[in-house]
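Notes for the one structure printed next.
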Amino acid sequence: MMSNFLTNIEMDSLVETIKTAENNSTGEIRIHIDSNTDDRNAEVAFEVFKTLCKDKTAEKNAVLFHVNFEQKYLTIIGDEGISRCVDQKFWDVMHDYITAEFAKGNFYKALKSSVLKTGIELKNHFPITGENPNELPDEITFS
């Protein structure tokens, strides 16, 4: 899949970044790049979240970065386990950082940095205590 905002090399690197970030916790991280043109971004993001993440991890600790570059829309959605543990302020600060970087055209840098920060945050709340299966694919998805 092509993106006008990320090169194939950057997208491959983001998949590796997700793997690295997930190595430190049982949490799961997904990136979905959406090219929908309608104005229902929040609804679309939640539908994608339900399909890709919701209730698909044992600890309900999946996080979705849902990005629509064309519409300059970003939402970060965490499953119930995330919502219980991670302070909303963490996500608000991250959202502000990503949107500021996107405004400068730093799409790859913003996503990479945020995935790594999310990995550190997940490690604080969902440390690995035994087996750590990869419960969700690391690949970037598109619609």
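Computed from a predicted model, the values in this text were never measured in an experiment.
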Heavy-atom donor-acceptor pair, [X] side chain to [Y] backbone, under 3.5 Å:
X     : Y      : result
Asn68 : Gln71  : yes
Arg30 : Pro137 : yes
Glu59 : Phe126 : no

What side chain to side chain donor-acceptor pair (under 3.5 Å) pairs are there with at least one residue in residues 122-132, not counting sequence neighbours?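 Qualifying pairs: Glu121-His125.
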Indicate whether any N or O donor in one side chain lies under 3.5 Å from an N or O acceptor in the other, for His32 and Thr141.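 Yes, because at least one side-chain N or O of His32 sits under 3.5 Å from a partner of the opposite role on Thr141.
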Any side-chain heavy atom of Ile82 sitting closer than 4.5 Å to one from Ile77?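 No. Closest side-chain heavy atoms not under 4.5 Å.
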For the residue pair Leu116 and Ile120, establish whether any side-chain heavy-atom pair is separated by less than 4.5 Å.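 SC-SC contact between Leu116 and Ile120 ruled out.
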Criterion side chain to side chain contact (heavy atoms under 4.5 Å, CB included) on His66 and Ile33, from CA distance to verdict: CA-CA 6 Å; His66 184 274; Ile33 297 175; over 6 Å; no
Thr7: which residues meet the side chain to side chain contact (heavy atoms under 4.5 Å, CB included) condition with it, sequence neighbours left out?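 By the side chain to side chain contact (heavy atoms under 4.5 Å, CB included) rule, Thr7 matches Ile9, Glu10.
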Suppose we screen for side chain to side chain contact (heavy atoms under 4.5 Å, CB included). Which residues come up paired with Glu135, at least two apart in sequence or across chains?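 Glu135 satisfies side chain to side chain contact (heavy atoms under 4.5 Å, CB included) with Glu28, Thr57, Ala58, Asn61, Pro133 once adjacent residues are dropped.
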Which pair of heavy atoms, one from Ser83 and one from Gly78, lies closest together, and at what distance?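 Nearest heavy atoms, Ser83 then Gly78: OG-O, 3.6 Å.
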Please say yes or no: joined through hydrophobic side-chain contacts below 4.5 Å, possibly via intermediate residues, are [X] and [Y] part of one cluster?
X      : Y     : result
Ile18  : Val86 : yes
Leu74  : Leu52 : no
Leu122 : Trp91 : yes
Leu136 : Val15 : no

Walk me through whether Tyr97 and Ser113 qualify under side chain to side chain contact (heavy atoms under 4.5 Å, CB included). CA-CA 10 Å; Tyr97 163 76; Ser113 170; 3.5 Å; yes
Suppose the criterion is salt bridge (Lys or Arg N to Asp or Glu O under 4.0 Å): which pairs have a residue in [range], not counting sequence neighbours?
range           : answer
residues 32-46  : Asp38-Arg40, Arg40-Glu43
residues 97-111 : Glu101-Lys104, Glu101-Lys109
residues 47-56  : Glu47-Lys50, Lys54-Asp79, Lys54-Glu80, Asp55-Lys60

Check against side chain to side chain contact (heavy atoms under 4.5 Å, CB included), Thr75 and Phe49: CA-CA 10 Å; Thr75 190; Phe49 174 76; over 6 Å; no
Spacing of [atom1] belonging to [X] relative to [atom2] belonging to [Y], to within rounding of 0.5 Å:
X      : Y     : atom1 : atom2 : value
Asn36  : Tyr73 : CG    : OH    : 12.0 Å
Phe107 : Asn4  : CZ    : CG    : 10.0 Å
Leu14  : Phe65 : CG    : CZ    : 10.5 Å

For Lys19, salt bridge (Lys or Arg N to Asp or Glu O under 4.0 Å) partners two or more places apart: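 Checked Lys19 against salt bridge (Lys or Arg N to Asp or Glu O under 4.0 Å); matches are Glu16.
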In chain order, what residues pass the salt bridge (Lys or Arg N to Asp or Glu O under 4.0 Å) check against Asp96, with sequence neighbours excluded?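 Result, salt bridge (Lys or Arg N to Asp or Glu O under 4.0 Å) vs Asp96: none returned.
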Residues that [X] engages under side-chain hydrogen bond (donor to acceptor under 3.5 Å, both in side chains), provided they are two or more places apart:
X      : value
Tyr108 : Ser13
Lys89  : none
Asn23  : none
Asp12  : none

Is the ring centre of Phe5 less than 6.0 Å from the ring centre of Phe102?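 Distance test on ring centres: not under 6.0 Å, no.
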Just do the side chain to side chain contact (heavy atoms under 4.5 Å, CB included) check on Asn24 and Ile128 with the steps written out, would you? CA-CA 7 Å; Asn24 298 315; Ile128 299 167; 5.7 Å; no
Passing option when Ile76 is tested against Val67, Ile98, Leu64 for side chain to side chain contact (heavy atoms under 4.5 Å, CB included):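 Going through Val67, Ile98, Leu64 one by one, the side chain to side chain contact (heavy atoms under 4.5 Å, CB included) with Ile76 is satisfied by Ile98 alone.
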